[in-house]
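Please read the structure below before turning to the comments.
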Amino acid sequence: MLNKQQIRYCLDVFEKMYPEAECELNHTNPFELLVAVVLSAQATDALVNKVTPGLFEKYKTPEDYVSVSLEELQQDVKRIGLYRNKAKNIQKLSQTLIESYDGQVPRTKEQLESLAGVGRKTANVVASVAFDEPAIAVDTHVERVSKRLGICRWKDSVLEVEKTLMRKIPESEWSVTHHRMIFFGRYHCKAQRPNCEECSLLTLCREGQKRMKKKAHSK
DNA sequence: AACTCGGGGCA
DNA sequence: TGCCCAGAGTT
């Protein structure tokens with residue numbers, strides 16, 4: 001397991017590699033952000049914007065989503081994938097906002113997570129990005145990178161990964177770190193072929209050491 | 001813990 | 001072409 005100083009070094013490397021890794025979730029209001037994150041499950045937010053241009057012009061409020069038929073909404077989000085569930089959840093979620101939250105998006109993680117189609121990850125993203133609530137959203141990239149480097153344990157659950165990160169990273173950097181780790185995981189520490197040879201963190205990386213040793217042995 | 005939804009992106 | 005993906009709900 002990496003200590004705080006080693007983790008500090010990792011964060012600095014992330015910053016050097018992806019200095020401009022701001023949030024790609026560039027939305028004007030919490031509701032639009034919430035819908036975008038729900039839609040981008042198993043896809044990317046960039047894909048949502050690319051594949052459904054004009055979606056957020058057509059649908060601006062919870063009322064807009066429940067005013068159309070399920071079939072119409074499904075057609076509008078069809079090209080994102082997993083569209084049947086997502087469309088259904090967004091209508092259900094919109095209904096809940098109208099009935100229980102005066103049409104507004106709730107601020108707390110617990111309230112967010114109780115909405116249809118909103119799991120722990122989505123709840124944390126919305127809470128932290130839209131409301132500056134203290135939260136770290138652990139997605140597959142963050143989880144993989146944390147485990148490979150040794151920031152957390154291999155068998156840690158998502159919840160445990162989240163708690164460890166919150167404990168070992170200064171709160172003021174949670175948001176930036178989250179997005180830099182995603183870039184790092186997506187472009188460098190990839191699931192299939194991580195680029196260990198050209199990694200500045202190789203010397204302290206648990207998984208990297210293992211892989212290099214294995215590679216040397218196989219020669 | 002495993003399974004399902006699913007079209008787009010990428011090799 | 002085939003494989004994978006910034007997840008969540010159900011069994």
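FYI, side chains are in, hydrogens and waters are out, and symmetry mates aren't considered; it's all heavy atoms of this structure. Note on naming: letters A, B, ... go to the chains in the order of the sequence lines (proteins, then strands), and numbering restarts at 1 for each one. Just so we're clear, the structure is a prediction, and the values are computed from it rather than from any experiment.
Positionally, the nearest nucleotide of DNA chain C for A43(A) lies more toward the 5' end than for the other of A43(A) and L115(A). Mapping N85(A) and K50(A) onto DNA chain B via the closest heavy atom, the residue that lands nearer the 5' end is N85(A).
Phosphate contact (OP1/OP2 of dG7(B), side-chain N/O of R79(A), threshold under 4.0 Å): absent. Applying the 4.0 Å criterion to OP1 and OP2 of dG7(C), one finds that R120(A) has every side-chain N and O outside that range. One finds no side-chain N or O of S40(A) lying less than 4.0 angstrom from the OP1 or OP2 phosphate oxygen of dG7(C). The phosphate of dA11(B) (OP1 or OP2) has no side-chain N or O of Q192(A) nearer than 4.0 angstrom. The phosphate of dG8(B) (OP1 or OP2) has no side-chain N or O of T44(A) nearer than 4.0 angstrom. Remark: Q42(A) is not in phosphate contact with dC5(C), judged by side-chain N or O atoms under 4.0 Å from OP1 or OP2.
Note on A137(A): nothing from the nucleic acid sits closer than 4.0 angstrom, heavy atoms only. When heavy atoms are screened at a 4.0 angstrom cut-off, L47(A) is found touching the sugar-phosphate backbone but no base atom. If you check every strand for non-hydrogen atoms under 4.0 Å, K78(A) touches sugar and phosphate atoms only. The residue V118(A) sits close only to the backbone: its heavy atoms come under 4.0 Å of sugar-phosphate atoms, none of a base. At the heavy-atom level, G119(A) lies under 4.0 Å from the strands shown only through sugar-phosphate atoms.
A donor-acceptor pair under 3.5 Å links the side-chain atoms of E160(A) to the main chain of S157(A), judged by distance alone. Between the side chain of R107(A) and the main chain of E133(A), no donor-acceptor pair closer than 3.5 Å is present.
Rounding to the nearest 0.5 angstrom, the gap separating the CG atom in N89(A) from the OG1 atom in T96(A) is 10.0 Å. The SG atom of C189(A) sits 9.0 Å away from atom CE of M181(A), with the distance rounded to the nearest 0.5 Å.
Aromatic ring orientation, F183(A) versus Y18(A): tilted (interplanar angle from 30° to 60°).
Nucleotides dT11(C) and dG6(B) place their P atoms 16 Å apart, quoted to the nearest Å. Atom name C1', nucleotides dA6(C) and dA2(B): the rounded distance is 22 Å, in whole Å.
Closest to the side chain of R84(A), out of dC5(C), dA6(C), dC5(B), is dC5(B). Across dG9(B), dG7(C), dA6(C), the shortest atom-to-atom separation from the side chain of H178(A) is found for dA6(C).
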